[in-house]
K.L.:
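Structure in structure tokens, see below.
Every value quoted in this text rests on a predicted model; they were computed, and no experiment measured them.
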Amino acid sequence: MLAATANPTPQPTDTDGLWIHIVPRGELPNVEAGIVQVLDDPAINTIMAEINADRQRLGSKWPGVYAGREHHIYNDECDSPALAWFKDFEKRDDGIWAKGDGLTPMGKQAIANGEYKFTSFAADRAHAVPLGGNRFRILKIDTVGFTNQPNGKDLLSPITN
């Protein structure tokens, strides 16, 4: 399991230079879904290709990848304002990173206040390929949640330390 990054995460005083680890490389057990999410080279490459395909398809109308509090966007009883609309991504040895210039003012404040240390992506099972048993390779992410209790915490770099 790969947990270290060659590129340290800067402090949030300049969020334009901040990069946020949104998809780790490795295997993430998802106890709630009863599966293991596989995030290997084929998965990371396909996720990046899907993001780029959405960007190409929508052009100037592409909003970016939504990031909010936890996964509240999927709960009608919770408010789900955007903390970020990520548009710039980088593939690294430890997964996919999003550039912090996509943070909204609310997101910048949440980072500055240290409200969240990690991220957690959400993926639809329709965008996963079964690998046998309970293992599924993730091919596309739908949203990102800022959280303090992500699956695979040991695979993610904290947003700030």
K.L.:
Which class fits the ring pair Tyr74 and His71: parallel under 30°, tilted 30 to 60°, perpendicular over 60°?
P.N.:
tilted
K.L.:
Just wondering, do Phe89 and Ile47 contact through their side chains at under 4.5 Å, heavy atoms?
P.N.:
no
K.L.:
Can you check side-chain contact (heavy atoms from CB on, under 4.5 Å) on Gln109 and Thr104, steps first, answer last?
P.N.:
CA-CA 9 Å; Gln109 191 63 47; Thr104 65; over 6 Å; no
K.L.:
Between side-chain atoms of residues 29-37 and protein atoms elsewhere (two or more places apart, or another chain), which donor-acceptor pairs fall under 3.5 Å?
P.N.:
| unit_1 | atom_1 | unit_2 | atom_2 | d |
| --- | --- | --- | --- | --- |
| Asn30 | OD1 | Glu32 | N | 3.3 |
| Asn30 | OD1 | Ala33 | N | 3.0 |

K.L.:
Are the side chains of Ile96 and Phe86 in contact, using a 4.5 Å heavy-atom criterion?
P.N.:
no
K.L.:
Quick one: are Ile22 and Val65 in side-chain contact, heavy atoms under 4.5 Å?
P.N.:
no
K.L.:
Decide side-chain contact (heavy atoms from CB on, under 4.5 Å) for Phe121 and Leu39; before the verdict, give the C-alpha distance in whole Å, the side-chain angles of both, and the deciding distance to 0.1 Å.
P.N.:
CA-CA 12 Å; Phe121 68 85; Leu39 297 154; 3.7 Å; yes
K.L.:
Would Glu50 and Ile141 count as a side-chain contact (heavy atoms from CB on, under 4.5 Å) here? Give the steps.
P.N.:
CA-CA 8 Å; Glu50 289 290 333; Ile141 63 169; over 6 Å; no
K.L.:
Apply the side chain to side chain contact (heavy atoms under 4.5 Å, CB included) test between Phe118 and each candidate in Pro158, Pro24, Ser157; give the one that qualifies.
P.N.:
Pro158
K.L.:
Minimum heavy-atom separation for Lys87 to Arg55, with atom names?
P.N.:
O-NH1, 2.7 Å
K.L.:
If you look at every heavy atom in Thr119 and His21, which pair is closest and at what distance?
P.N.:
OG1-O, 2.6 Å
K.L.:
Please check if Val129 and Ile51 belong to a single hydrophobic cluster, counting links between Ile, Leu, Val, Met, Phe, Trp and Tyr side chain heavy atoms closer than 4.5 Å.
P.N.:
no
K.L.:
Answer yes if Phe136 and Ile44 sit in the same cluster of Ile, Leu, Val, Met, Phe, Trp and Tyr residues linked by side chain heavy atoms under 4.5 Å apart, and no otherwise.
P.N.:
no
K.L.:
Using a 4.5 Å cut-off on heavy atoms from C-beta on, say whether the side chain of Arg135 contacts that of Glu27.
P.N.:
yes
K.L.:
Return the CH2 to CG distance between Trp85 and Asp101, rounded to the nearest 0.5 Å.
P.N.:
15.0 Å
K.L.:
Show your working on side-chain contact (heavy atoms from CB on, under 4.5 Å) between Tyr116 and Glu70 and close with a plain yes or no.
P.N.:
CA-CA 9 Å; Tyr116 299 101; Glu70 303 292 341; 3.9 Å; yes
K.L.:
Got Asp124 and Lys140 here, is their nearest side-chain heavy-atom distance under 4.5 Å?
P.N.:
no
K.L.:
Check Gly68 against Leu83 and note the closest heavy-atom contact, atom names and distance.
P.N.:
C-CD1, 3.8 Å
K.L.:
In terms of hydrophobic clustering (I, L, V, M, F, W, Y; side-chain heavy atoms under 4.5 Å; direct or indirect links), are Ile159 and Met106 co-clustered?
P.N.:
yes
K.L.:
Restricting to non-hydrogen atoms, name the atom on Tyr66 and the atom on Ser80 that form the minimum distance, rounded to 0.1 Å.
P.N.:
OH-O, 3.0 Å
K.L.:
Can you name the nearest heavy-atom pair linking Phe146 to Ala67, along with the distance?
P.N.:
CE1-CB, 3.6 Å
K.L.:
Grab the two heavy atoms, one from Ala128 and one from Ile138, that are nearest each other, plus how far apart they are.
P.N.:
CB-CD1, 4.1 Å
